[in-house]
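Below is one structure, written out as structure tokens; the observations come after it.
Just so it is clear: chains get the letters A, B, ... in the order the sequence lines come, proteins before strands, and each one is counted from 1. These numbers come from a predicted model, not from an experiment. Note: hydrogens, waters and symmetry copies are ignored here, and every other heavy atom, side chains too, is used.
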Amino acid sequence: MNYWLFKSEPYAYSIDDLKNESDGVGRWDGIRNYQARNLLRDDIKIGDQVLFYHSSCKNVGIAGFAEVTSEPYPDPLQFDPESKYFDPKSDLENPRWVCLDIQYKAHVKKFLPLSQIKQNSELEEMVLVKRGRLSVQPVTESEWDAIKKLTMND
DNA sequence: GCCAACGTTGGC
DNA sequence: GCCAACGTTGGC
């Protein structure tokens, strides 16, 4: 089992939105970056654990936990001309973009802001800190454990 | 395949 | 709104 961090802008799709889906299962779609796509397609498996990160908002940081519940499948938005994620260069025979389903697990008890992640010696090597701009990124087991401790204690 | 120009992400 | 750090596009 592996660990990942998924970024979302909360006014577009927040941890609350995921929780409010029926059965708490939501489609993680709209990924239009090849590196992130390759992770979704090749590396992320059912049962993998996900940190739900809120980006581009007043309080950026880790807001909750989720679990991968489906294999990757073609992102329907790429075929929808009305969607901002429509991709005219993709075709049904050979879809360019994939998505998958995730299930809500929990909100953090204590929100973990990016500023705090950057200051924490156990977390300063996170892709989130080192690299930043990548909407799907790997998290190590020790990072996962440290984040669990910081967000779920008390 | 190179690379300049342009576009996007995302924290601040 | 700024801007750094990418990523993408397209001419050659």
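Legend: residues meeting ring-ring contact (aromatic ring centres under 6.0 Å, His included) with A/Tyr34, ordered by chain and number and at least two apart, are A/Trp97.
Counting only residues at least two apart or in different chains, ring-ring contact (aromatic ring centres under 6.0 Å, His included) contacts with residues 116-150 of chain A comprise A/Tyr3-A/Trp144, A/Phe65-A/Trp144.
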For residues 49-56 of chain A, please give each side-chain donor-acceptor pair under 3.5 Å, one per line with the distance, not counting sequence neighbours.
| residue | atom | partner | partner atom | Å |
| --- | --- | --- | --- | --- |
| A/Gln49 | NE2 | A/Gly47 | O | 2.9 |
| A/Gln49 | NE2 | A/Glu67 | OE1 | 3.3 |
| A/His54 | NE2 | A/Ile15 | N | 3.2 |

Side chains of residues 121-138 of chain A: which donor-acceptor pairs under 3.5 Å do they make with residues two or more places apart or in other chains?
| residue | atom | partner | partner atom | Å |
| --- | --- | --- | --- | --- |
| A/Arg131 | NH2 | A/Gln35 | OE1 | 3.3 |
| A/Gln137 | OE1 | A/Leu128 | N | 2.7 |
| A/Gln137 | NE2 | A/Gly132 | O | 3.4 |
| A/Gln137 | NE2 | A/Leu134 | O | 2.9 |

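With hydrogens and angles left out, the side-chain atoms of A/Gln78 and A/Ser90 include a donor and acceptor closer than 3.5 Å. Between A/Tyr85 and A/Asp80, the side chains place no donor N or O within less than 3.5 Å of an acceptor N or O (distance only, hydrogens not considered).
As judged by a 4.0 angstrom heavy-atom cut-off over every strand, A/Lys89 is placed among residues touching the sugar-phosphate backbone only. Among the protein residues, A/Gln35 comes within range of the sugar-phosphate backbone only, with heavy atoms under 4.0 Å from sugar or phosphate atoms but none that close to a base.
For DNA chain C, the span of nucleotides reached by chain A at under 4.0 Å from its heavy atoms goes, 5' to 3', from C/dA5 to C/dT9.
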Point to revise | Verdict with reasoning, A/Ile102 to A/Phe6, per side chain to side chain contact (heavy atoms under 4.5 Å, CB included) | key: CA-CA 10 Å; A/Ile102 59 173; A/Phe6 287 9; 3.9 Å; yes

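Across residues 130-139 of chain A, A/Arg133, A/Leu134 each have a non-hydrogen atom less than 4.0 Å from an atom of DNA chain B (numbered order).
Nearest heavy atoms, A/Tyr13 versus A/Gly26: OH-CA, 3.6 Å.
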